[in-house]
Number of protein chains: 2
Amino acid sequence: MTRLTRDDIVVASGKRFATYGYHGTSMRDLGDDLGILGSSIYAHVGGKHELLVAVVERASDLFSASAAAAIALGGDPDDTLKALVAGHIDVLVDHAAEAKTFLNEAWFLEESDRLHVIQIRNDYEAVFRRTIQLGVDDGTFRRGVDVEVASIYILSILNAIERWFRPNGRLDRAELATDMHRFIVEGLT
Amino acid sequence: MTRLTRDDIVVASGKRFATYGYHGTSMRDLGDDLGILGSSIYAHVGGKHELLVAVVERASDLFSASAAAAIALGGDPDDTLKALVAGHIDVLVDHAAEAKTFLNEAWFLEESDRLHVIQIRNDYEAVFRRTIQLGVDDGTFRRGVDVEVASIYILSILNAIERWFRPNGRLDRAELATDMHRFIVEGLT
DNA sequence: CCTACCGATCGGTAGG
DNA sequence: CCTACCGATCGGTAGG
């Protein structure tokens, strides 16, 4: 047994926060997961809230990087949309705990940290909005689409993945991305 | 000041649970909201978990009633879908606290209550699945739609409403229902 | 519904 | 990272 790093503790925090919530997790619970005492965690971090900040920050970095990568790919608006959908799924599947904590527990951050997260989420959503707007402008998507609301619908479908998708289920992530993109573009008809 | 009823306490619990979560709510917080002591709540209920059960039960009754009403309306699958969407929006808007608690905190119910809620959610989702399947069968919706996944997408969009929709915002609930139905049926194109 | 509590657990600290 | 704690708060109860 080698010594734990701050990273180990942040990873374990993410798992606990994702499953039981920030308020449903005690420092002693966390210590149990790590094989140390709850009080020993304070050798690595200043407090419980700092762990929430660290977990949420990881997730927001991943989402931001995904959006940047989708833009960097180039292509028409529909290509960008495809990349945004696949990238979002990747983050949710590969970093489920951090993403769940980001989506569900960020509300419990202290004021300034919470505002910062809202800012990052808004920047991320703006990439979706701009992509759809470009698609409406060039005729890829239909005129009259409410760009703002459509972006929310798309992100709603994407974010809900953490509530039902299991990597070893009937669909793999590539099939999910394809099916979801088709639903977003064509709907039920 | 007249005496409080059990109902008053359940309503206040829903609001607290929706905003701060079950674990983020103490009996003393609840008492403060109601103008009584936390310990006085035990004159009306057996325990904190009982309040969560009561709040979640209200929401599940409302969702079940909405699905039953949509079915009772009759009409073709697309009419039923419209009614399901509008009914779900009504529950989320008119009973926001209970619905949020149902969607986000039911996980913290005790085993048997949690399984019961999962059963009710599954029955509710089954109404969506059957409606879409009927639409695929009669040609209203396209062949090849993954009925199970499409139902999840639709419910994802619907459930996320509690995270962004404000009744006094740019859209009213009728506009939202119309826009959402169109997005579900036609997508972006 | 309040008074007056209870034991358990919470986040966190001093010192090693 | 542990020992040995701390004050605060938790869900809950007995008795009125």
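Keep in mind it's a predicted model, so treat the numbers as computed, not measured. Reminder, nothing fancy here: chain letters follow the sequence lines and each chain counts from 1.
A heavy atom closer than 4.0 Å to some atom of DNA chain C occurs in A:Gly47, A:Lys48, these being the qualifying members of residues 43-52 of chain A. Within residues 19-27 of chain A, the residues having any heavy atom under 4.0 Å from DNA chain C are, by residue number, A:Thr25, A:Ser26, A:Met27.
In this view, A:His23 and A:Phe108 satisfy the ring-ring contact (aromatic ring centres under 6.0 Å, His included) rule, not counting sequence neighbours. A:Asp7 meets the salt bridge (Lys or Arg N to Asp or Glu O under 4.0 Å) test with A:Arg58; sequence neighbours excluded. Listed by chain and number, the residues in a ring-ring contact (aromatic ring centres under 6.0 Å, His included) with A:Tyr124 are A:Phe63, A:His88, A:Phe128 (sequence neighbours excluded). The ring-ring contact (aromatic ring centres under 6.0 Å, His included) test applied to A:Phe141 returns no partner, not counting sequence neighbours.
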Interface polar pairs with nucleotides 14-16 of chain C, N/O, under 3.5 angstrom:
none

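Sorted by first then second residue, the ring-ring contact (aromatic ring centres under 6.0 Å, His included) pairs that include residues 150-170 of chain A, not counting sequence neighbours, are A:Tyr153-B:Phe183. The list of salt bridge (Lys or Arg N to Asp or Glu O under 4.0 Å) pairs with a residue in residues 145-160 of chain B, not counting sequence neighbours, reads A:Arg170-B:Asp146, A:Arg170-B:Glu148. Under the salt bridge (Lys or Arg N to Asp or Glu O under 4.0 Å) criterion, the residue pairs touching residues 80-93 of chain A are A:Asp78-A:Lys82, A:Asp90-A:Arg173, with sequence neighbours excluded. For the salt bridge (Lys or Arg N to Asp or Glu O under 4.0 Å) condition, the pairs that include at least one residue of residues 178-189 of chain A, sequence neighbours left out, are A:Arg182-A:Glu186, A:Glu186-B:Arg142.
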### Summary
Pairing string of DNA chain C (Watson-Crick or G-U wobble, both atom distances under 3.5 Å; | = paired to other strand) is ||||||||||||||||

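Side chain of A:Ile36, nearest nucleotide from D:dC2, C:dC5, C:dC2: D:dC2. Considering only the side chain of B:Tyr42, D:dG11 comes nearest among C:dC2, D:dT3, D:dG11.
Between A:Leu30 atom CG and C:dG11 atom C1' the separation is 12 Å, expressed in whole Å. Regarding A:Asp32, its CG atom lies at a distance of 12 Å from the P atom of C:dG11, rounded to whole Å.
Looking at heavy-atom distances under 4.0 Å, A:Leu4 makes contact with sugar-phosphate atoms alone, never a base.
In this structure the side chain of A:Ile154 reaches within 4.5 angstrom of the side chain of A:Ile132, judged on heavy atoms.
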